[in-house]
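Computed from a prediction, not measured in an experiment: that's the story for all the values here.
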Amino acid sequence: MFTGIIEQTGRIHKLTKSGNNLEIWIESSFSHELKVDQSVSHNGVCLTIEEINGLLYRVTAIEETLSKTNFLKNKADDLINLERCMQLNGRLDGHIVQGHVDTTGICKAITEKNGSWEFTIEIDPSFASLIIEKGSVTLNGISLTIFHVTENSFTVAVIPYTFLHTNMQNLKLNDSVNIEFDMIGKYVNRIFSLKHMG
């Protein structure tokens, strides 16, 4: 379980296809604090630490993960947002994030607002029921608030601190982002769809 508050960015050191999976070596300044079998969010995807070597550690994204995320578009030297799992003795600064990406979206507009940035993300309309004005969403692991909701898009605002301390600074038009919709919204949506079916 995560909060969507990014601890730091790491750097992708190496990617290797292994059957239907993708092995990823990440360089991070907190690698020495990790342990094998620990869960870490990588651009919003919960992956398990499998091996640690100095400042580097290795994780594997399986076929199911690759089909719902933008990992296959990553390359060596790309920045990746990192968050270790939530501690129950601290404040929940973002929102409840599982690290289970639902889909990807496409960045369709970037607007510099004299000190902050707005990003408009296009999604498949089948996910429209999961976004609401002032609701929460996770983009590449970052907890953000939604506004300007349409049938197939939404906008988020990014403050300078988040922009400078995440890979949002490298996001370009038509880039893909990992999206996890709000878990509570998904449960409510499921309950209403079941009632409608009954």
Side-chain angles (χ1 to χ4, degrees), residues 1-7 20 39-48 59 61-73 80-111 113 116-159 162 166-168 171 173-198:
M1 204 65 88
F2 305 93
T3 66
I5 304 300
I6 304 304
E7 283 190 74
N20 291 331
S39 295
V40 174
S41 171
H42 300 78
N43 273 356
V45 182
C46 177
L47 297 172
T48 302
V59 294
I62 63 172
E63 184 177 15
E64 166 71 6
T65 301
L66 296 175
S67 72
K68 292 186 176 176
T69 68
N70 61 9
F71 273 162
L72 287 174
K73 296 183 179 180
I80 190 164
N81 296 328
L82 302 175
E83 180 191 357
R84 287 176 285 188
C85 57
M86 174 170 62
Q87 293 181 318
L88 292 178
N89 62 346
R91 293 183 175 88
L92 179 61
D93 290 318
H95 71 284
I96 298 172
V97 176
Q98 291 181 294
H100 302 159
V101 169
D102 295 300
T103 188
T104 57
I106 302 297
C107 180
K108 286 299 182 181
I110 303 171
T111 307
K113 303 290 285 187
S116 65
W117 292 262
E118 292 181 358
F119 295 85
T120 298
I121 307 299
E122 184 179 82
I123 58 169
D124 187 302
S126 65
F127 293 102
S129 62
L130 298 176
I131 53 174
I132 60 170
E133 287 286 331
K134 306 304 179 188
S136 295
V137 72
T138 307
L139 296 185
N140 282 349
I142 308 164
S143 175
L144 295 165
T145 301
I146 300 168
F147 60 100
H148 292 168
V149 173
T150 73
E151 181 184 330
N152 69 338
S153 70
F154 60 86
T155 300
V156 295
V158 174
I159 63 173
T162 303
T166 69
N167 60 12
M168 293 299 282
L171 194 64
L173 290 179
N174 297 314
D175 277 356
S176 169
V177 292
N178 293 328
I179 300 176
E180 180 182 339
F181 298 105
D182 181 49
M183 183 172 66
I184 296 170
K186 287 189 280 190
Y187 275 115
V188 171
N189 189 62
R190 174 71 172 160
I191 290 166
F192 275 104
S193 66
L194 288 175
K195 284 186 176 180
H196 183 57
M197 289 169 59

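Pairing each heavy atom of Phe2 with each of Cys46, the nearest pair is CE1-CB, 3.8 Å. Considering all non-hydrogen atoms of both residues, Ile123 and Phe154 come closest at CG2-CE2, 3.7 Å.
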For this session: Show your reasoning for whether side chain to side chain contact (heavy atoms under 4.5 Å, CB included) applies to Thr120 and Cys107.
Result: CA-CA 6 Å; Thr120 298; Cys107 180; over 6 Å; no

For this session: Apply the test side chain to side chain contact (heavy atoms under 4.5 Å, CB included) to residues Val137 and Phe181: give CA-CA distance (whole Å), side-chain angles for both, the deciding distance (0.1 Å), then the verdict.
Result: CA-CA 5 Å; Val137 72; Phe181 298 105; 4.2 Å; yes

Problem set entry | Pair Val158-Ile142, side chain to side chain contact (heavy atoms under 4.5 Å, CB included): steps then yes or no | CA-CA 10 Å; Val158 174; Ile142 308 164; over 6 Å; no

For this session: Evaluate the criterion side chain to side chain contact (heavy atoms under 4.5 Å, CB included) for residue pair Trp117 and Met168; output intermediate values, then yes/no.
Result: CA-CA 10 Å; Trp117 292 262; Met168 293 299 282; over 6 Å; no

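For the side chain to side chain contact (heavy atoms under 4.5 Å, CB included) with Val177, the qualifying choice from Leu171, Thr103, Thr104 is Leu171, the only one to do so. Residue Leu139 forms a side chain to side chain contact (heavy atoms under 4.5 Å, CB included) with just one option from Asn178, Leu144, Ile146, and that option is Leu144. When each of Asn174, Asn152, Thr155 is checked for a side-chain hydrogen bond (donor to acceptor under 3.5 Å, both in side chains) with Lys108, only Asn174 meets the rule. For the pairing with Asn140, the side chain to side chain contact (heavy atoms under 4.5 Å, CB included) check across Val45, Thr69, Asn81 returns one residue only, Asn81.
Interatomic distance, CD1 of Ile80 versus CG of Leu47, reported as 7.5 Å (0.5 Å rounding). Taking CD from Glu180 and OG from Ser143, the interatomic distance works out to 10.0 Å, rounded to the nearest 0.5 Å. Of the inter-residue distances, the one linking Ile96 atom CD1 with Ser136 atom OG reads 10.0 Å to the nearest 0.5 angstrom. Within the model, atoms CG of Leu82 and CD1 of Ile6 stand 7.5 Å from one another, a figure rounded to the nearest 0.5 Å. Put simply, NE2 on His100 and NZ on Lys186 are 8.5 Å apart, with the number rounded to the nearest 0.5 Å. Separating the OG atom in Ser176 from the CZ atom in Phe71 is a distance of 11.0 Å, to the nearest 0.5 Å.
Asn43 places none of its side-chain heavy atoms less than 4.5 Å from the side chain of Val101. At a threshold of 4.5 Å between non-hydrogen side-chain atoms, the residues Thr150 and His148 do not count as touching. Side chains of Thr3 and Glu83 form a contact here, defined as non-hydrogen atoms less than 4.5 Å apart. The side-chain heavy atoms of Glu133 and Val149, taken from C-beta on, include a pair separated by under 4.5 Å.
Remark: Leu72 CG is packed, more than 12 non-hydrogen atoms of other residues, nucleotides or ligands lying under 6.0 Å away.
The salt bridge (Lys or Arg N to Asp or Glu O under 4.0 Å) check on Asp182 picks up nothing, with sequence neighbours excluded. Applying the salt bridge (Lys or Arg N to Asp or Glu O under 4.0 Å) criterion to Lys68, with sequence neighbours excluded, gives Glu64. Taking Ala157 as the reference, Glu118, Phe147 meet the side chain to side chain contact (heavy atoms under 4.5 Å, CB included) condition, with sequence neighbours excluded.
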